[in-house]
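Structure first, commentary second.
For the numbers below, each heavy atom of this structure counts, side chains included, while hydrogens, waters and symmetry mates do not. On a predicted model such as this, the values are computed, not experimentally measured, just so you know.
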Amino acid sequence: MFTLNTTVSRRRMLRAGSLAPATLALASFGARAADKFPSRTIRIVVPFTPGGGTDVVGRALIIGMQKELGQALIIDNKPGAGTVIGTDLVAKAPADGHTLLMTTSAIAINDSLVKKLPYDTDKDITEVALICTGPNVLVTKADSPYKTVADVIAAAKATPGKLTYASSGNGSAVHLAGELFKTMAKVDIAHVPYRGAGPAYNDLIGGQVDLLFGTAGGVAKLVTGGKMRPIGVTSTRRSPAYKDVPTIAETLPGYEADVWYALFAPAGTPPDVIATINAAVRKAAEAPAYKERLAHEGLTVAANTPAQMTQLMRAEEARWRKVVVEGKVTID
């Protein structure tokens, strides 16, 4: 019996030994499958309320990205604190590519405007891709007495501090567009920040504020619907979507405050994951239907590489830091 048991034991050991490489290979395959990106739904955090320009850009883009990535993508609006709340959420998220940030040039502005950010813009967040660019638009309500940029400047100089302008929030790109306008025109116009674009639009239409700096995409439907009157675009050239609207620079030479939209990820996200997302963005953004959609909103596709986006980010941080310092802009 002893001999028989020993023989059986040896056979079992040999069989187990022969299976070991296959078992290890299967485990290795399972690990690789688990690590394959994307392995689940991708959440794109938008640090604005629903209905603004970022929503317009993002919700149309993710349709194409889903086809490229083979996974569902969802927009998760996390507004507040001038985009800081949503940005901080992504900065602290797992660096696996399943949580991304879609935001505007506000992220570059906040680097110098917000004194105590809960994250380090350059160290905690990494650039994925530029999506598109376009002008902001200075608008009034449809029956406003202010029909031109010159009208606004004249009224502001006649009654300093009386006029008000709304923005989607402190530190937003449209807030800084307004502050740059005030500095260059040498006027005092009170800033009224809102917790998102939607409430700001409603109050402009309702007459609670006099003016509003909004994104081209965000105000487009309200302009075409006759609820808002555009009086100036912030780009150096007139926008095809607002072809009859002069640039602010035609009245204030040198004025420029375009906005850009881009995708970011938590720092430490693997380069191959970043490359995969970047490729999906660029493919989706080049679709004729998407380009046409953006053109209607006054925006232009401008997808780039992660390295190019990093260069743009650093240049924009320096540019807006100069505006913040020279204009003594605060959000207190």
Side-chain angles (χ1 to χ4, degrees), residues 24-25 27-47 54 57-76 78 83-84 86-111 117-133 260-287 290 300-320:
L24 289 172
S28 177
F29 174 80
R32 288 197 302 271
D35 291 340
K36 184 180 179 182
F37 175 82
S39 59
R40 60 183 186 277
T41 297
I42 297 172
R43 177 172 63 150
I44 299 182
V45 175
V46 172
T54 314
V57 171
R59 293 185 187 279
L61 183 70
I62 66 172
I63 295 172
M65 288 182 66
Q66 286 177 158
K67 293 179 182 178
E68 296 301 314
L69 294 171
Q71 283 285 353
L73 282 80
I74 60 169
I75 296 287
D76 187 5
K78 294 291 182 182
T83 75
V84 172
T87 303
D88 185 47
L89 189 156
V90 175
K92 293 177 171 60
D96 58 11
H98 291 92
T99 301
L100 305 173
L101 173 71
M102 183 176 290
T103 189
T104 68
S105 38
I107 191 172
I109 292 168
N110 282 343
D111 191 58
L117 285 171
Y119 54 85
D120 186 310
T121 308
D122 295 345
K123 293 180 180 179
D124 297 335
I125 301 167
T126 190
E127 295 78 19
V128 177
L130 180 68
I131 300 169
C132 60
T133 63
W260 45 259
Y261 298 81
L263 203 62
F264 297 82
T269 301
D272 59 330
V273 172
I274 295 291
T276 298
I277 301 169
N278 179 272
V281 170
R282 299 177 78 174
K283 185 76 173 178
E286 286 301 318
Y290 186 68
T300 303
V301 168
N304 63 5
T305 67
Q308 289 169 333
M309 185 60 221
T310 297
Q311 290 180 341
L312 173 64
M313 183 67 174
R314 300 299 168 264
E316 284 287 276
E317 286 172 342
R319 176 191 175 207
W320 288 111

Next on the checklist: For F264 and T121: C-alpha separation, side-chain torsions, deciding distance, then whether side chain to side chain contact (heavy atoms under 4.5 Å, CB included) applies.
Outcome noted: CA-CA 11 Å; F264 297 82; T121 308; over 6 Å; no
Checklist entry - Taking it one step at a time, do V84 and Y119 satisfy side chain to side chain contact (heavy atoms under 4.5 Å, CB included)? => result CA-CA 9 Å; V84 172; Y119 54 85; 4.0 Å; yes
To check you understand the geometry: which heavy-atom pair defines the closest contact between [X] and [Y], and what is its length?
| X | Y | value |
| --- | --- | --- |
| T133 | A302 | CG2-CB, 4.2 Å |
| A108 | W260 | CB-CZ2, 4.2 Å |
| A95 | A267 | CB-O, 3.5 Å |
| T269 | G97 | CG2-N, 3.9 Å |
| V90 | A265 | CG1-C, 4.3 Å |

Look up atom [atom1] in [X] and atom [atom2] in [Y], then write down how far apart they are to the nearest 0.5 Å.
| X | Y | atom1 | atom2 | answer |
| --- | --- | --- | --- | --- |
| L117 | T87 | CG | OG1 | 8.5 Å |
| I44 | L101 | CD1 | CG | 9.5 Å |
| L73 | R59 | CG | CZ | 12.0 Å |
| L69 | I62 | CG | CD1 | 11.0 Å |
| T41 | H98 | OG1 | NE2 | 8.5 Å |
| E316 | I109 | CD | CD1 | 8.0 Å |

Can you find a pair of side-chain heavy atoms, one from [X] and one from [Y], that are under 4.5 Å apart?
| X | Y | value |
| --- | --- | --- |
| F37 | I277 | yes |
| V45 | T99 | yes |
| N304 | Q311 | no |
| Q308 | L130 | no |

Item to check | salt_bridge(D124, K92) N-O dist < 4.0 Å | outcome: no
Checklist entry - Does a side-chain N-to-carboxylate-O contact under 4.0 Å join K78 and D88? => result no
Item to check | Atom NZ of K67 with >12 non-hydrogen neighbours under 6.0 angstrom | outcome: no
Checklist entry - When you look at I125 and I107, which way does the side chain to side chain contact (heavy atoms under 4.5 Å, CB included) test go after all the steps? => result CA-CA 10 Å; I125 301 167; I107 191 172; 4.1 Å; yes
Checklist entry - Looking at V281, T103, L61, which one forms a side-chain contact (heavy atoms from CB on, under 4.5 Å) with L263? => result V281
Item to check | Set of side-chain hydrogen bond (donor to acceptor under 3.5 Å, both in side chains) partners for R282, sequence neighbours left out | outcome: none
Checklist entry - Would M309 and V128 count as a side chain to side chain contact (heavy atoms under 4.5 Å, CB included) if you check the C-alpha gap in whole Å, the side-chain angles of each, and the deciding distance to 0.1 Å? => result CA-CA 7 Å; M309 185 60 221; V128 177; over 6 Å; no
